[in-house]
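Positions are given from 1, in the same order as the sequence printed here. All values reported here derive from a predicted model rather than from experimental measurement.
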Amino acid sequence: MEAGEAAGAVLFLLAAAVSLLAAVSTGALDFTYLVTVVGEGSSTSPGSGGGAWWREAWVGARSRAVAPALQVGVWACMVMSVMLVVEATYNSAVSVAARLVGWRPERWFKWEPLGGGAGAGDEEKGEAAAAAYPMVMVQIPMYNELEVYKLSIGAVCGLKWPKERLIIQVLDDSTDAFIKNLVELECEDWASKGLNIKYATRSGRKGFKAGALKKGMEWDYAKQCEYVAIFDADFQPEPDFLLRTVPFLMHNQNVALVQARWVFVNDRVSLLTRIQKTFLDYHFKAEQEAGSATFAFFSFNGTAGVWRTEAINDAGGWKDRTTVEDMDLAVRATLKGWKFIYLGDLRVKSELPSTYKAYCRQQFRWSCGGANLFRKMIWDVLVAKKVSSLKKIYILYSFFLVRRVVAPAVAFILYNVIIPVSVMIPELFLPIWGVAYIPTALLIVTAIRNPENLHTVPLWILFESVMSMHRLRAAVAGLLQLQEFNQWIVTKKVGNNAFDENNETPLLQKSRKRVNLPEIGLSVFLIFCASYNLVFHGKNSFYINLYLQGLAFFLLGLNCVGTLPDHCCF
């Protein structure tokens with residue numbers, strides 16, 4: 001067991017202890033009403049004094065069958081809520097502690113600048129100086145990327161690295177002949193300027209992105225490269241990207257991956273993109289930093305990272321068995337004993353999904369793939385011999401179970417099903433610590449690592465309530481391997497030109513497609529429950545929250561996501 005892993009375990013236990021202590025000290029932990037008295041609920045039922053036989057039958061069925069069944073669901077959600085808040089508290093605590101003590105990868109891993117320092121000239125120093133640089137290949141997988149292909153290719157061709165030690169590989173799976181021709185011409189143009197750029201295609205799209213990356217590694221020139229950097233078609237690395245990442249791999253032979261953070265060119269274009277930024281900022285600032293600082297493990301984000309070729313091969317190469325080929329490779333590599341480094345201060349520009357439909361598809365792919373990988377990797381993690389028991393627990397419990405299964409389950413079932421239904425089931429007991437204190441705690445630990453996004457947090461909560469429906473559906477599809485579990489739909493890109501402040505026409509107008517029926521259906525249900533709670537006051541008053549949730553579902557059902565120019569967004 002290494003020091004980072006031991007520290008991570010201690011901090012996790014401290015997070016759990018602090019959560020428990022806070023609950024006990026405030027009197028939140030009160031289990032005296034695990035099962036409520038039936039008579040208490042029936043007496044508060046609206047219109048119970050009428051004595052109609054059907055009302056009495058409903059009250060009897062409600063108290064003897066419906067309420068007990070839902071009570072089981074309540075306590076299952078309470079357990080999952082505790083798991084979730086402890087996990088969130090742990091991640092935020094680790095990331096904050098790392099910042100307070102000045103933790104930086106350069107202090108824990110060896111790093112020396114190349115060519116006299118990052119930003120110094122390289123190719124001009126001659127062959128002797130260039131020989132100090134390892135062979136690096138940069139892969140750019142793309143599929144019909146008309147709007148952004150020039151951005152990524154141009155940015156990668158601008159990387160500071162000796163030309164004779166750098167190979168740029170454009171993996172074009174485009175099915176549009178016109179776009180393929182444009183991409184090929186762009187590659188030829190850069191090749192005429194002295195760049196070693198390769199344009200690679202294949203006959204089909206088997207395995208989607210994983211298949212393209214795997215095919216790209218089979219070329220003879222690829223086998224000469226010690227390290228492989230990967231950028232999706234909308235990513236634009238800074239010129240010093242390789243100078244800041246590759247030295248970690250050169251001087252630490254047990255490191256397989258160096259991952260950079262994403263920043264976004266369109267995070268202020270609309271309310272939709274601002275909310276996405278809040279979600280992804282927490283992921284990078286809390287989850288990625290915590291994993292890197294303690295267990296030297298986190299999920300590869302699929303782009304803006306550099307891999308050691310030896311580690312890719314040692315882990316079994318790219319596999320197309322899930323829609324999260326990046327996470328799959330990361331888990332298999334860490335089970336082989338490899339370590340990962342996350343560089344939070346190295347940022348790569350990218351583009352967020354610009355429409356609600358595109359974002360839902362992206363989230364479905366990520367959630368479904370993660371849950372499906374959990375199903376496929378449980379045994380492999382348990383029998384792995386090159387990782388400690390603590391790291392196995394972290395991978396199975398924190399990384400997979402809580403984040404991929406528990407989080408979407410409790411977010412949808414508790415807040416969009418059980419709490420709304422509870423206003424019509426007075427016999428149902430909802431502990432205050434589970435429906436008020438835990439959500440408040442989650443809000444606080446999220447805001448701690450997202451202070452600049454604090455003004456969007458209330459809307460982010462409502463938006464995440466809607467997205468929990470899609471993520472839970474995706475997680476179930478992945479766990480059960482339903483028909484759609486291996487669907488891959490490429491996220492549509494818009495490109496930098498669309499975000500020009502001088503563009504007078506709104507880029508993202510309200511969609512003309514038909515309404516989203518699942519969202520509309522949930523909105524009707526939530527608004528009905530809110531109205532019932534407002535008219536027939538019971539033990540709890542949730543109608544304000546339910547009205548807001550219902551409104552959020554309704555607006556997203558109509559594709560109204562604040563997609564207006566930046567000056568129109570709050």
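Note: Thr322 OG1 to Arg365 CZ = 11.0 Å, rounded to the nearest 0.5 Å. Of the inter-residue distances, the one linking Lys110 atom NZ with Gln253 atom CD reads 10.0 Å to the nearest 0.5 angstrom. Atom CD1 of residue Ile230 and atom CD of residue Gln169 lie 10.0 Å apart, to the nearest 0.5 angstrom. Atom CZ of Phe208 sits about 11.0 Å away from atom CD of Glu325, to the nearest 0.5 Å. We find the OG-CG distance between Ser292 and Leu257 to be 9.5 Å, quoted to the nearest 0.5 Å. To the nearest 0.5 angstrom, Asp173 atom CG is 10.5 Å from Glu145 atom CD.
Contacts of Ala290 classified as side chain to side chain contact (heavy atoms under 4.5 Å, CB included), with partners at least two apart in sequence or in another chain: Asn91, Val94. Considering only residues two or more places apart in sequence or on other chains, Ala477 meets the side chain to side chain contact (heavy atoms under 4.5 Å, CB included) condition with Phe364, Cys368, Leu482, Glu484. Not counting sequence neighbours, the partners of Asp189 by the side chain to side chain contact (heavy atoms under 4.5 Å, CB included) test are Ser192, Lys193. Every residue was checked against the ring pair (Phe, Tyr, Trp, His ring centres under 6.0 Å) condition with Phe109, not counting sequence neighbours, and none meets it. By the side chain to side chain contact (heavy atoms under 4.5 Å, CB included) test, Arg361 pairs with Lys357, Ile489, sequence neighbours left out. Remark: Lys376 engages Asn372 in a side-chain hydrogen bond (donor to acceptor under 3.5 Å, both in side chains) (not counting sequence neighbours). A search for ring pair (Phe, Tyr, Trp, His ring centres under 6.0 Å) contacts involving Tyr282 returns nothing, not counting sequence neighbours. In this view, Tyr149 satisfies the ring pair (Phe, Tyr, Trp, His ring centres under 6.0 Å) rule with no residue, not counting sequence neighbours.
Proximity of Leu171 to Tyr143: side-chain heavy atoms (C-beta onward) are nowhere separated by under 4.5 Å. Annotation: side chain of Phe264 is not in contact with side chain of Thr273 (no heavy-atom distance under 4.5 Å). Side-chain contact between Val156 and Ile197: absent, with no pair of heavy atoms (C-beta onward) separated by less than 4.5 Å. When side chains are defined from C-beta on, Glu186 counts as touching Lys150, because their heavy atoms get closer than 4.5 Å. Looking only at side-chain heavy atoms (C-beta outward), Thr446 and Val457 stay at 4.5 Å or farther from each other. At least one side-chain heavy atom of Glu519 sits less than 4.5 Å from a side-chain heavy atom of Tyr356. Side-chain contact check for Leu335 versus Met377: some heavy-atom pair is nearer than 4.5 Å. Counting heavy atoms from C-beta on, the side chains of Pro134 and Val246 come closer than 4.5 Å.
Within a 6.0 Å sphere centred on NZ of Lys215, other residues, nucleotides and ligands contribute 12 heavy atoms or fewer. For Trp103, the CH2 atom counts as densely surrounded, since its 6.0 Å shell holds more than 12 non-hydrogen atoms of other residues, nucleotides or ligands. Within 6.0 Å of the CD atom in Gln483, the count of heavy atoms belonging to other residues, nucleotides or ligands does not exceed 12.
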> Yes or no on side-chain contact (heavy atoms from CB on, under 4.5 Å) for His455 and Arg274, after CA distance, side-chain angles and deciding distance?
Replying inline: CA-CA 10 Å; His455 63 293; Arg274 291 185 182 214; 4.1 Å; yes
> Passes ring-ring contact (aromatic ring centres under 6.0 Å, His included), Trp161 versus Tyr133? Steps please.
Replying inline: CA-CA 8 Å; Trp161 204 258; Tyr133 291 76; 4.8 Å; yes
> Under the side-chain hydrogen bond (donor to acceptor under 3.5 Å, both in side chains) criterion, do Asn516 and Asn559 qualify, and how do the steps go?
Replying inline: CA-CA 8 Å; Asn516 302 308; Asn559 295 292; 3.2 Å; yes
> side-chain contact (heavy atoms from CB on, under 4.5 Å) between Lys198 and Tyr221: does it pass, once the steps are laid out?
Replying inline: CA-CA 10 Å; Lys198 310 289 185 181; Tyr221 59 79; 3.5 Å; yes
> For Gln139 and Leu213, what are the C-alpha separation, side-chain angles and deciding distance, and is it a side-chain contact (heavy atoms from CB on, under 4.5 Å)?
Replying inline: CA-CA 8 Å; Gln139 293 181 307; Leu213 293 171; 3.4 Å; yes
>> Go through it in stages, so that I can follow the logic: the residues are Asn301 and Asp326, the test is side-chain contact (heavy atoms from CB on, under 4.5 Å), and I'd like the CA-CA distance, side-chain angles, deciding distance and then a yes or no.
In response: CA-CA 6 Å; Asn301 292 117; Asp326 43 12; 5.6 Å; no
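For residues 222-234, the set of pairs meeting the side-chain hydrogen bond (donor to acceptor under 3.5 Å, both in side chains) definition, not counting sequence neighbours, comprises Lys209-Asp232. Residue pairs satisfying the salt bridge (Lys or Arg N to Asp or Glu O under 4.0 Å) criterion with at least one member in residues 286-310, sequence neighbours excluded, are listed as follows: Arg99-Glu289, Glu289-Arg449. Under the salt bridge (Lys or Arg N to Asp or Glu O under 4.0 Å) criterion, no residue pair touches residues 174-184, with sequence neighbours excluded. Pairs of residues two or more places apart, or lying in two chains, that qualify as salt bridge (Lys or Arg N to Asp or Glu O under 4.0 Å) and include a residue from residues 248-261 are Arg261-Asp281.
Residues Ala447 and Leu454 come closest through the heavy atom pair CB-CD1, 3.7 Å.
We find that Asp328 and Arg321 are joined by a salt bridge, their nearest charged nitrogen and carboxylate oxygen being less than 4.0 Å apart. Electrostatic pairing of Glu238 and Lys160 does not count as a salt bridge here, judged by no charged N lying under 4.0 Å from a carboxylate O. Ion pairing between Glu464 and Arg471 holds under the 4.0 Å rule for side-chain N and carboxylate O.
With no hydrogens or angles considered, no side-chain donor-acceptor pair links Trp338 and Asn254 at under 3.5 Å. In this structure, a donor-acceptor pair under 3.5 Å is absent between the side chains of Gln362 and Trp366.
With ring centers used as reference points, Tyr359 lies under 6.0 Å from Phe463. Between Phe231 and Phe241, the ring centre distance stays below 6.0 Å. The aromatic ring centroids of Trp307 and Phe340 lie less than 6.0 Å from each other. Here the two rings, on Phe399 and Phe297, have centers that are under 6.0 Å apart.
Side chain of Gln259 to main chain of Leu343: no donor-acceptor pair is present (N/O by atom type, distance under 3.5 Å, no hydrogens or angles). The closest donor-acceptor contact from the side chain of Arg404 to the backbone of Gly370 lies at 3.5 Å or more, if one exists at all. The closest donor-acceptor contact from the side chain of Thr334 to the backbone of Val331 lies at 3.5 Å or more, if one exists at all. Checked by atom type and distance alone, the side chain of Thr456 never pairs as donor or acceptor with a backbone atom of Ile275 at under 3.5 Å.
Using cut-offs of 30° and 60° for the angle between ring planes, the Trp262 and Phe284 rings count as tilted.
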